[in-house]
**Q** 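There's a structure below that I have some questions on.
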2 protein chains.
Amino acid sequence: MQKEITIYDLAERLGVSATTVSRALNDNPRINKKTREKVHQLAKELGYRHNTIAANLRKQQTKTIGVILHEVNSYFATSVLAGIEKVTTPENFDILITHSAETAEREKANVKNLINKRVDGIIVSLAMHSHDTAHFTPLFEREMPLVFFDRVLQSADCTKVVIDNFQGGYDATNHLISQGCKRIAHITGDMDLNVYMDRFKGYQKALKDHKIKFNKDLVKVCGLNKAETTQAVTEMLEQKPDAFFIPSDFAAAVCMEILRNKDINIPQDIAVFGFNNDMLSDLITPKLSTIDYPGFLMGEMAAKTLIEQIKLRRKNKNVKDHTIVIPTEIILRESSVRKKAKTTRPHK
Amino acid sequence: MQKEITIYDLAERLGVSATTVSRALNDNPRINKKTREKVHQLAKELGYRHNTIAANLRKQQTKTIGVILHEVNSYFATSVLAGIEKVTTPENFDILITHSAETAEREKANVKNLINKRVDGIIVSLAMHSHDTAHFTPLFEREMPLVFFDRVLQSADCTKVVIDNFQGGYDATNHLISQGCKRIAHITGDMDLNVYMDRFKGYQKALKDHKIKFNKDLVKVCGLNKAETTQAVTEMLEQKPDAFFIPSDFAAAVCMEILRNKDINIPQDIAVFGFNNDMLSDLITPKLSTIDYPGFLMGEMAAKTLIEQIKLRRKNKNVKDHTIVIPTEIILRESSVRKKAKTTRPHK
DNA sequence: TCAAAAGTTGCAATCGATTGCAATTTATTT
DNA sequence: AAATAAATTGCAATCGATTGCAACTTTTGA
């Protein structure tokens, strides 16, 4: 790599100062139009490239937002990222995506790395196994603009973007009950996470409202990956459930495959209900009933809120923490509808 | 945000020079062990954070690799990223992920942005509509370490990591023929891209080897998204095909849904063959035959090669361009197997 | 005891762009 | 024509860490 051209090189050739070049390249109106054009012209000719690093150091801001995801390989994650991008791109923010592979250790490393990189703000969805959240305190100490979304800290005062998980859990369970299900198995994730805890509470409330006694043998916690789900479902079948409410479309799909292999009819013998409205929920057979999870909107809101915070911070105003709740929608499809035909919705 | 602690703050408090602090923090053996410990101790106490930006500026390297993907919302993309990470993490490289949403325009912006950010090297998979590839010349001019993977430039001398797309197309078609298919429809993507072109050539060659005359009415190019695939499949059905070879599992799944809605039996009436071995290929009914696409391995190889290049560049040695071909594997499942039962493979 | 070697530390320049303030030139007004 | 305003440009410091070179201190060896 031959050395990159700098503003000093341009300045020398044009017989002006580096200041002028810098201002010209930034289209500062203080610089004469002709000078500006000459600078741009030469910059183009010589293949000058703005050195973001030097500029960031001087300006003490990076115009970059760090995003910490627990995983990236889901339709939900990519929707969220798309939503974030929709907001950040016109505002000229870059995003730096990290993922913690569901471990607290990597989450910790990611937080550290993002601070070192001096991002202007951070958007986080917690890792599954992030019980000890001490690694976030450096962010609070710094008053770093920070928005949690989806999987959020339960305790701390902070800004959050979430869906109504309780309602989602309630709606799903309520629907299954309406289809005549009485032994509704609930295979779910780590209850330390708000998302699974709240859905579980919604599940319980729906049972209660219909005077169905809660049976703890019908609830099982697992990692919701293929292996663990397979095991959990297989074990659960001994309890003779007449429905599975598994708040993850992927895990629900795994469940359905197991049922199919055992020639169990879905939804007549056992109904299945997922969560997320993932791409695949509309492609598998039977199509999966689920709760639509507006990832794009969540990403949008999170980014919007964060950028507001960043702007306030620059003006040294202080920030009010608040919680934004995004509405969800129940999507009824073949896997759970036993009675009268209802219209199903296409995947959006 | 109160101001961040710098090495100068630490230096002052400890009554040593910033040089010593810097060296201590980097565990430079030239610094006395006791001094080093004192520095680390104070750094921890005061919540010092290394300023990557300043360090990058001085060191003229960012230890960051830029990745330009055409899309990120696929199992393949996340596999590739995981493969890249596996290599970069132990080498202490960060990755900066950008995606071009299949447009040349965004690809161009991404290239520019990554140069401005002074990444040490770039890994690229081309956008679907990236015909004019002039925006890559600044990279060649700079002799920027650069590895293309999957969707690669056909012309330029550069390092590439690809699969044997020809063989994949050949194997798929050959298998369909072995199942008695004679009118094999091929719905595929932009032929300017090596991946679709080579698979098409494989398709043609297989037909030829079995003395089946090539029929251009059975080939249709589209964007392979849901809407375009739906249209293409619907139109294609007028040609009365007895098989679909659609080199994208997602698009093949869309196709299967259409066939199912028309009560067309798969694979007896029409066999379907995909490409990628995506997560969903194993979850849909019937399970989809496909070509396994070792994304993880491709990511790994691309990153490995790139880091080699980066290291050579630092020593001012020059780099030999070469092409790495990763083997693929045919995965036979229910959607295409008409005759004798064959063992199916689980998704890896 | 003194010179050479090894161990520690610091000076000062450097990376490249930005920006407050001042200086200079040009245009406008009276 | 002089005074004032407006437009244009530059000086020099700054952001925070790194590093070649030199200096200083301590240890080692004869």
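The sequence lines fix the lettering, A, B, ..., with proteins before strands; numbering per chain opens at 1.
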**Q** When we call it a touch if two heavy atoms are under 4.0 Å apart, what does A:Thr6 touch: a base, just sugar-phosphate, or nothing?
**A** sugar-phosphate
**Q** How many whole angstroms separate atom CG of A:Leu25 from atom C1' of C:dG16?
**A** 12 Å
**Q** Identify, between A:Tyr8 and A:Arg30, the residue whose nearest nucleotide on DNA chain D lies closer to the 5' end.
**A** A:Arg30
**Q** Measure CG/A:Leu57 against C1'/D:dA17 and give the value in whole Å, please.
**A** 9 Å
**Q** Starting at CG of A:Asn32 and ending at C1' of D:dA7, how long is that distance when rounded to a whole Å?
**A** 9 Å
**Q** Students often get this wrong, so: under 4.0 angstrom with heavy atoms, is A:Asn56 touching a base, only sugar-phosphate, or nothing?
**A** nothing
**Q** Testing A:Asn110, A:Val72, A:Val67 one by one against A:His99 for a side chain to side chain contact (heavy atoms under 4.5 Å, CB included), which residue passes?
**A** A:Val72
**Q** Which part of the nucleic acid does A:Val16 contact within heavy-atom distance under 4.0 Å: base, sugar-phosphate only, or nothing?
**A** sugar-phosphate
**Q** Under 4.0 Å, heavy atoms only, any strand: does A:Ser22 hit a base, just the sugar-phosphate, or nothing?
**A** base
**Q** What is the distance, to the nearest angstrom, from the CD1 atom on B:Ile31 to the C1' atom on C:dA6?
**A** 14 Å
**Q** Given A:Val161, which of A:Asp150, A:Leu306, A:Ile324 fulfils the side chain to side chain contact (heavy atoms under 4.5 Å, CB included) condition?
**A** A:Ile324
**Q** Taking the nucleotide of DNA chain C with the nearest heavy atom to each, does B:Thr20 or B:Arg58 sit closer to the 5' end?
**A** B:Thr20
**Q** Does B:Asn51 have a side-chain nitrogen or oxygen under 4.0 Å from the phosphate oxygens OP1 or OP2 of D:dA17?
**A** no
**Q** Within the 4.0 Å heavy-atom criterion, would you say B:Thr35 contacts the bases, only the backbone, or no part of the nucleic acid?
**A** sugar-phosphate
**Q** May I ask you to verify if any side-chain N or O of B:Ser17 is less than 4.0 angstrom from the OP1 or OP2 atom of C:dG10?
**A** yes
**Q** At less than 4.0 Å, is any side-chain N or O atom of A:Gln60 found next to OP1 or OP2 of D:dT14? Yes or no.
**A** no
**Q** Has A:Gln61 got more than 12 heavy atoms of other residues, nucleotides or ligands less than 6.0 Å from its CD?
**A** yes
**Q** If we count only N and O atoms by modelled type, under 3.5 Å, do the side chains of B:Ser17 and B:Thr20 hold a donor and an acceptor together?
**A** yes
**Q** Among B:Lys304, B:Lys311, B:Lys63, which residue satisfies the salt bridge (charged side-chain N to carboxylate O under 4.0 Å, His left out) criterion with B:Glu91?
**A** B:Lys311
